[in-house]
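Take a look at the structure set out below.
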Amino acid sequence: MSNINFSKANCKNCYKCLRSCPVKAIKFENQQAAIDEERCIECGHCLTVCPQNAREIKSDLGKIKKAMNSGLKVIASLAPSFAGFFDEQPGKVVSALNRLGFSIIEETAVGAEVVAELYNDYIKDNKQEVYITTACPSANYLIEKYFNELIPYLIPVVSPMIAHGKLLKKKFGNNSFVVFIGPCLAKKSEFDTYINHNVIDAVLTFDELNCWINDSGIEVNEIEEENFNINPYSKGQGFPMGGGIIDAMGEQLQESKLTVITVSGMEDCMEVFNSVKDGDLKEVIIEASACKGSCVGGPVMVKNGENYFAKLKKVKNYIKSRKNYNQSTFTKIPENMNFQRVFMKKIIKKNIASEKEIISIMEKMGKYELVDELNCGVCGYNSCREKAQAVFEGMAETNMCLHYMRSKAESLANEIVENTVSNLILLDGEMNVREINPAAKSIFQIQSQNIIGKPISLLIDDEDFKNVRETRVNIIGKKYYYPKYGVVFVANIVYLPRVDMVLVSMINIMAEEKNKKELMKVKENTLNAAQEVIEKQMRVAQEIASLLGETTAETKIILTKLKKIVAGEDGE
């Protein structure tokens, strides 16, 4: 499992994480960022710049609590940079650690003292053109993965964390449980390297410790200050600051002919490593730190614009105050204890795209000519060709080119607007025309240059448009008659709050209105014809009735006469 990665988040295509990554170890798939563990150097800066705060960091807190509950002697190795992270007095932080359940609390500077002396011994015993310090795990990963040629220049000595862990295990026994607490996310991966060596049992960041203290309900400001169980020399405490390692090495280094170069920040590290690779730097010792400003400027220390220099001042003042403690002799390097380490090549395998494949990918990104290659770096890559190579490797997606996607979107939008039969007008807050499409220009018989930037009232009444902007109440489906232009509109008037504009969409229904009039005439004529037929039928009916009436009367007279004749005959 990777120690750091991005949690699932609603990526907004800002690519800040990729731009912050010097080795481009972030892969995008379906617009979701993920760290490629093989390429990553564990600096962690990509997580701190993410505006979605999509951080997923492996935590050892549960394991530490379990060790405490089981009765193990749990020991804290606290990095000196803690004085810059916490607002409380350093002694109060030590007291808080005691209350959390730590049996022994020492500064990692104890291990740093040993490392500084071992650096001096190595330089004395091994003659080479370049020496590179190895206290920073991210700088080490950078060389192992991307500057393999420089591995022989790495001083093969463990970091202060590992050195202190070894000292603590020897002092308190292998059954003790050692926890390193510091500002560095890369220490979690370095710890994994030694997980089977019984040196360090868990790693916490200052962030994790701070959350633990708060969750435990400990009011740090209200507790009394306590001291560390051992007070190291101040020179070991300077490791987290730029130049601190060199200062800790002291006079022995100053007496050598080596030129000291201190670099911090991944870009500066890469620049100086390239100079060494090209043979431009010789007879030098390079103090390399992946974080700008060394450990004090690390991703856990400086977040969300927090002031690096204020933290640096706090660390310096803390180190200065520690000099007042009564100190025993310098920490001696125990005999028969191995502090050496081995660095190995970790070559990143890359499939290089052919020129034909690059061109094909470039065309998918809308890059057909050299002028299309803006090389703006918005996507996180330095050039469009570098981005195309990343797409070929499966690390990036073609739609990550914001300029291309914007151009594509604008082109599609323009096609829709230009070819729609609806009459579209976009008005600013002053009711001036910002955009007008061809259909509307045709209706109002005007050219763009004669109306853009001018009041809509030059064409039509703007009262409803003003009301919509002022009231934020849209008008939907209202009918407007403009005899001057020979049109009848059904209009939708919509306020756009984000841009403070009014969008007017009008459909000319003049043809339908004419059809309605024609239909009314047909209906009227039909009704008139029907009425005439009805009247004629009434007249016919009346005539028939009249004839029927006369015939009936005659029949009645004849039948009466017949009746009388029959009656008379019977009477005779």
Side-chain angles (χ1 to χ4, degrees), residues 20-23 25 39-45 79-81 108 111-112 115-116 118-120 122-123 126 128-163 182-187 189-190 193 235-236 238-249 253 256 258-299 301-302 308 312 340-346:
S20 74
C21 180
V23 296
R39 303 181 186 215
C40 182
I41 54 176
E42 306 278 349
C43 66
H45 288 281
S81 50
T108 318
V115 169
L118 291 171
Y119 280 175
N120 279 327
Y122 182 81
I123 293 171
N126 297 270
Q128 55 194 55
E129 294 179 334
V130 177
Y131 302 87
I132 302 174
T133 63
T134 53
C136 175
S138 287
N140 297 339
Y141 296 146
L142 180 65
I143 290 177
E144 288 182 312
K145 294 184 178 185
Y146 299 97
F147 293 90
N148 308 138
E149 309 92 327
L150 308 189
I151 288 179
Y153 299 139
L154 290 171
I155 301 176
V157 173
V158 298
S159 70
M161 177 184 80
I162 301 301
C184 181
L185 293 174
K187 288 297 183 183
S189 293
E190 184 184 8
T193 305
K235 69 177 184 178
F239 264 53
M241 300 182 296
I245 297 175
I246 299 301
D247 289 343
M249 293 175 69
L253 178 60
S256 72
L258 295 171
T259 299
V260 173
I261 296 178
T262 299
V263 289
S264 65
M266 201 58 71
E267 290 77 13
D268 288 349
C269 285
M270 295 174 76
E271 184 177 349
V272 77
F273 293 162
N274 276 317
S275 295
V276 174
K277 187 172 70 172
D278 295 340
D280 297 331
L281 285 177
K282 296 180 180 179
E283 300 298 320
V284 295
I285 178 170
I286 300 169
E287 179 189 308
S289 175
C291 295
K292 197 72 175 177
S294 196
C295 301
V296 179
M301 294 289 291
V302 181
Y308 158 76
L312 180 63
Q340 290 186 335
R341 67 160 300 176
V342 176
F343 296 97
M344 304 190 57
K345 290 183 179 180
K346 299 175 181 177

(message) Using 0.5 Å steps for rounding, measure from the OG atom of S138 to the NZ atom of K187.
(response) 9.5 Å
(message) Restricting to non-hydrogen atoms, name the atom on E149 and the atom on K277 that form the minimum distance, rounded to 0.1 Å.
(response) OE2-CD, 3.3 Å
(message) Quick one about Y122 and Q128 (side-chain donor to acceptor, distance below 3.5 Å, no hydrogens or angles considered), yes or no?
(response) yes
(request) Side-chain contact test, heavy atoms from C-beta onward, threshold under 4.5 Å: evaluate it for C291 versus M301 and give yes or no. (result) no
(request) Give the minimum heavy-atom separation between Y119 and I155, together with the two atoms involved. (result) CD2-CG2, 3.5 Å
(request) Mark yes or no for whether S294, through its side chain, and P240, through its backbone, hold a donor-acceptor pair below 3.5 Å. (result) yes
(message) Using modelled atom types and a 3.5 Å cut-off, is there a donor and acceptor pairing between side-chain atoms of E129 and backbone atoms of K282?
(response) no
(request) For the pair M249 and I285, evaluate side-chain contact (heavy atoms from CB on, under 4.5 Å) and give the outcome as yes or no after the intermediate values. (result) CA-CA 11 Å; M249 293 175 69; I285 178 170; 3.9 Å; yes
(message) Quick check: closest heavy atoms across I41 and Y141, and the distance to 0.1 Å?
(response) O-CD1, 3.4 Å
(message) How long is the straight-line distance from CD1 of I143 back to CD1 of I151, given to the nearest 0.5 Å?
(response) 8.0 Å
(message) Given 3.5 Å as the limit, does a donor-acceptor pair link the side chain of K145 with the main chain of C40, or not?
(response) yes
(request) Drop me the distance from F273's CZ to L281's CG, to the nearest 0.5 angstrom. (result) 11.0 Å
(request) Kindly say whether V157 contributes a backbone atom to a donor-acceptor pair with the side chain of T134 at under 3.5 angstrom? (result) yes
(message) Show the nearest heavy-atom pair for residues S264 and K292, with the distance to one decimal.
(response) O-CD, 3.5 Å
(message) Before you tell me yes or no, could you show the steps for N140 and E190 under side-chain contact (heavy atoms from CB on, under 4.5 Å), namely the whole-Å CA-CA distance, both residues' side-chain angles and the distance that decides it to 0.1 Å?
(response) CA-CA 10 Å; N140 297 339; E190 184 184 8; 6.0 Å; no
(request) Write down the atom of P183, the atom of S81, and the distance for their closest heavy-atom approach. (result) CG-OG, 3.3 Å
(request) Begin from the C-alpha positions of F239 and V115 and carry the test side-chain contact (heavy atoms from CB on, under 4.5 Å) through to its verdict. (result) CA-CA 10 Å; F239 264 53; V115 169; 4.1 Å; yes
(message) Tell me if the CD atom of E271 is crowded by more than 12 foreign heavy atoms within 6.0 Å.
(response) no
(message) Quick check for you: to the nearest 0.5 Å, what is the distance between M270 atom CE and S275 atom OG?
(response) 12.0 Å
(message) Less than 4.5 Å apart, side chain to side chain, heavy atoms only: is that true for T259 and E283?
(response) no
(message) Looking at every non-hydrogen atom in both residues, tell me the closest pair between G44 and L185 and how far apart they are.
(response) CA-CD1, 3.7 Å
(message) Just so I know, are the side chains of M241 and D247 near enough to count as touching, which here means a heavy-atom distance under 4.5 Å?
(response) no
(message) Given 3.5 Å as the limit, does a donor-acceptor pair link the side chain of T108 with the main chain of M161, or not?
(response) no
(message) Let me confirm one number: the CG-CD1 distance from L253 to I245, rounded to the nearest 0.5 Å.
(response) 11.5 Å
(request) State the CG-OH distance between N274 and Y146, to the nearest 0.5 angstrom. (result) 13.5 Å
(request) Taking the side chain as every heavy atom from C-beta outward, state whether P137 and S189 have any atom pair closer than 4.5 Å. (result) no
